[in-house]
Amino acid sequence: MSILKNSTLIAGCLLLLSGCATSPEECQSWNNDVSLITKMRCDTLAKNNGGYAGEVRKREQELLDAKAENELFHQVYQDIVAQQSATKLTLAGQQQQQQQLDQSLTKLMQQLKGRHGNKSEVQQHLALLENEMATLRNQPQGNNPAAAAQKQAELKALQQKVSRLQLSLGY
């Protein structure tokens, strides 16, 4: 009887220690081919910021980051629309709308560079946006109908470039 208790105790200790042998990479929630022992080890890892819970936290953070970027895209779109309607305003109103657009677009580009800066496609889109913003900044402002029409066309082009960037990121 004593040998049976010792064997059970040793087996339980080995099972408990085997939980330390699982890495977070092995604990992917989409992996249906893992054994019951591996799943138990992954649950043990979850208590130490690994395993399934760690993966869920990572994906939740990615979702929050994507949501923040999406809000920035919406702000840029709103500022572009405001800038388009500002071409009918006074010079001071136009400058204020241009400044708001610059701020929101700069904030978006900084966040995208930080999060997606290693992707060449995103870098290309960001470079196009920076060039378009430089063109808009250097354009003379005023109530001249020809200048207003040109500014409207350039704002529409900016809006399309922002849309392409958003689509390339999958938002």
Side-chain angles (χ1 to χ4, degrees), residues 22-32 34 42 45-171:
T22 303
S23 69
E25 291 79 28
E26 294 176 293
C27 298
Q28 301 296 325
S29 59
W30 50 264
N31 189 358
N32 294 330
V34 296
C42 289
L45 272 177
K47 295 174 187 164
N48 298 321
N49 292 331
Y52 298 128
E55 182 182 345
V56 168
R57 277 191 293 280
K58 178 183 171 193
R59 293 190 188 264
E60 283 175 347
Q61 186 59 48
E62 288 174 359
L63 182 61
L64 289 173
D65 291 343
K67 183 178 178 184
E69 288 173 4
N70 198 21
E71 288 172 3
L72 288 173
F73 274 109
H74 286 293
Q75 182 62 45
V76 168
Y77 287 134
Q78 289 173 354
D79 290 342
I80 289 172
V81 169
Q83 180 68 31
Q84 287 172 334
S85 63
T87 56
K88 299 172 187 139
L89 298 176
T90 64
L91 182 59
Q94 290 178 18
Q95 289 171 339
Q96 181 183 9
Q97 292 298 328
Q98 181 67 43
Q99 185 179 15
Q100 286 178 348
L101 176 59
D102 286 347
Q103 288 174 349
S104 64
L105 195 56
T106 300
K107 187 176 180 180
L108 173 66
M109 290 191 314
Q110 286 173 345
Q111 183 162 347
L112 292 176
K113 283 179 185 177
R115 189 156 176 246
H116 304 284
N118 58 347
K119 298 176 184 174
S120 63
E121 183 180 0
V122 173
Q123 289 175 351
Q124 290 172 350
H125 285 291
L126 290 174
L128 288 173
L129 283 176
E130 287 174 350
N131 290 338
E132 190 70 30
M133 284 304 297
T135 302
L136 282 172
R137 280 187 208 111
N138 295 330
Q139 190 176 62
Q141 297 180 346
N143 289 333
N144 178 353
Q150 183 180 358
K151 183 145 186 141
Q152 289 285 348
E154 289 178 3
L155 286 167
K156 186 159 184 71
L158 176 66
Q159 190 172 22
Q160 290 172 347
K161 288 176 183 165
V162 171
S163 292
R164 281 189 215 113
L165 174 61
Q166 189 175 19
L167 289 173
S168 75
L169 293 171
Y171 296 136

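We count residues from 1, following the sequence as given.
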Listed pairs under 3.5 Å, donor-acceptor, residues 118-126 side chains, sequence neighbours left out:
unit_1: Lys119; atom_1: NZ; unit_2: His116; atom_2: ND1; d: 3.1
unit_1: Gln123; atom_1: NE2; unit_2: Gly117; atom_2: O; d: 2.3

Taking only residues two or more places apart in sequence, or in another chain, which ones meet [X] in a side chain to side chain contact (heavy atoms under 4.5 Å, CB included)?
| X | value |
| --- | --- |
| Lys58 | Glu62 |
| Gln78 | Gln75 |
| Ser163 | Tyr77 |

Among residues at least two apart in sequence or on other chains, which ones pass salt bridge (Lys or Arg N to Asp or Glu O under 4.0 Å) with Lys113? Glu130

Listed partners of Arg115 passing salt bridge (Lys or Arg N to Asp or Glu O under 4.0 Å), at least two apart: Asp65, Glu69

Taking all heavy atoms of Ser104 and all of Asp79, pick out the closest pair and write down the distance.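 The pair with the smallest heavy-atom distance is OG-OD2, 2.5 Å.
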
Sequence neighbours left out, cut at 3.5 Å: what donor-acceptor pairs do the side chains of residues 105-112 make with other protein atoms?
unit_1: Thr106; atom_1: OG1; unit_2: Asp102; atom_2: O; d: 2.6

Residue pair Gln159, Val162: steps toward the side-chain contact (heavy atoms from CB on, under 4.5 Å) verdict: CA-CA 5 Å; Gln159 190 172 22; Val162 171; 5.8 Å; no

Would you say the side chain of Gln99 lies within less than 4.5 Å of the side chain of Gln103, judging by non-hydrogen atoms? yes

Considering only residues two or more places apart or on different chains, which pairs with a residue in residues 154-171 satisfy salt bridge (charged side-chain N to carboxylate O under 4.0 Å, His left out)? Glu132-Lys161

